[in-house]
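Beneath this line is the structure, given in structure tokens, with notes to follow.
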Amino acid sequence: MSERSPAPGGLDLVQALVNTVDLESGADSLDTAEGRTRFGIAEGGVEEARELRESLRVALLAHAGHPAHRAVTPLGELLAAAPLVLTVAASDGSAALAPADPRPLLSRVAAAVAESLIAGTWMRLKACEAADCHWAYYDRSPAGRGRWCSMQVCGARAKMRRYRGKAAS
């Protein structure tokens with residue numbers, strides 16, 4: 001839905017996972033083999049991936065100052081099951097957190113969140129304010145106060161609803 005560019009670093013994985021479902025139409029790409037393959041999800045792991053996706057969405061809504069769209073397992077509880085290891089490059093001594101096992105989606109998401117915390121980008125990944133959208137987007141606004149994934153769609157709809165509400169009063 002968004003015309004915004006993808007999130008930086010590993011956050012693109014988080015953004016892509018959250019955006020696997022279109023809340024307005026109900027279409028979920030995790031229902032397809034191609035959609036699952038994109039994230040390395042076996043058919044038996046779809047429910048866990050959906051749980052992770054919605055826990056991420058709640059965190060991203062909180063980043064934008066919005067309430068949870070539904071009750072979910074707290075993201076911290078899910079990510080606690082994905083151990084990370086500290087790696088140090090022999091060439092230059094740079095350090096990074098990496099998944100202990102890079103195969104599971106949960107481990108890759110945990111590493112992406114850790115990387116974004118270090119880079120200072122985690123709080124800029126947000127979910128759209130529109131209740132029928134909640135699409136993940138990376139807020140590149142100078143003040144970090146973006147509210148919608150797309151000003152042309154969700155932002156325009158919200159402003160039109162507000163305008164019509166005032167006109168009806």
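Keep in mind that what you see is a predicted model, and the values were worked out from it rather than measured.
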For residues L84 and S107, report the shortest heavy-atom separation together with the two atoms involved. CD2-O, 4.2 Å
Starting at CD of E115, measure out to OG1 of T121 and round the result to the nearest 0.5 Å. 7.0 Å
Do L105 and L60 belong together in a cluster built from hydrophobic side chains that touch within less than 4.5 Å? yes
Could you measure the distance from the CG atom of L61 to the SG atom of C128? Nearest 0.5 Å is fine. 9.0 Å
Hydrophobic cluster identity match, L17 and L75, side-chain contacts under 4.5 Å: yes
For residues 32-51, which residue pairs qualify under ring-ring contact (aromatic ring centres under 6.0 Å, His included), counting only residues two or more places apart or in two chains? none
Donor-acceptor contact below 3.5 Å, side chain R124 vs main chain S141: yes
Value rounded to 0.5 Å, distance of CZ in R57 from NE2 in H69: 5.5 Å
Is there a path of hydrophobic side-chain contacts, each under 4.5 Å between heavy atoms of I/L/V/M/F/W/Y residues, joining Y138 to V113? yes
Show your working on side-chain contact (heavy atoms from CB on, under 4.5 Å) between L97 and V85 and close with a plain yes or no. CA-CA 6 Å; L97 287 171; V85 295; over 6 Å; no
Could you list the residues that satisfy side chain to side chain contact (heavy atoms under 4.5 Å, CB included) with D31, not counting sequence neighbours? D28, R50
Return the OH to CD distance between Y137 and Q15, rounded to the nearest 0.5 Å. 11.0 Å
Cluster link V58 to V18, ILVMFWY, side chain under 4.5 Å: no
For A112 and V14, which heavy atoms make the closest approach, and how far apart are they? CB-CG2, 4.1 Å
Enter the distance from E51:CD to L78:CG here, rounded to the nearest 0.5 Å. 5.0 Å
Please determine whether side chain to side chain donor-acceptor pair (under 3.5 Å) holds for the pair T20 and R38, giving the CA-CA distance in whole Å, both sets of side-chain angles, and the decisive distance to 0.1 Å. CA-CA 10 Å; T20 56; R38 177 179 179 201; over 6 Å; no
Sub-4.5 Å side-chain heavy-atom contact between R53 and L30: yes
For R140 and S5, work out which heavy atoms get closest and say how close. NE-OG, 3.0 Å
Whether the side chain of H63 engages the backbone of W122 through a donor-acceptor N/O pair (distance < 3.5 Å, no angle test) should be reported. yes
Spacing of D101 atom CG and R108 atom CZ [to the nearest 0.5 Å]: 10.0 Å
Answer yes if L79 and V72 sit in the same cluster of Ile, Leu, Val, Met, Phe, Trp and Tyr residues linked by side chain heavy atoms under 4.5 Å apart, and no otherwise. no
So which atom in H134 and which in E129 form the shortest heavy-atom distance, rounded to 0.1 Å? CE1-O, 4.0 Å
Closest heavy-atom pair and its distance - A131, L23: O-CD1, 4.3 Å
Is it the case that the side chain of N19 and the backbone of W135 share a donor-acceptor pair, with hydrogens and angles ignored and the cut-off at 3.5 Å? no
Between S55 and L52 (side chain of the first, backbone of the second, donor and acceptor by atom type, cut-off under 3.5 Å), is there such a pair? no
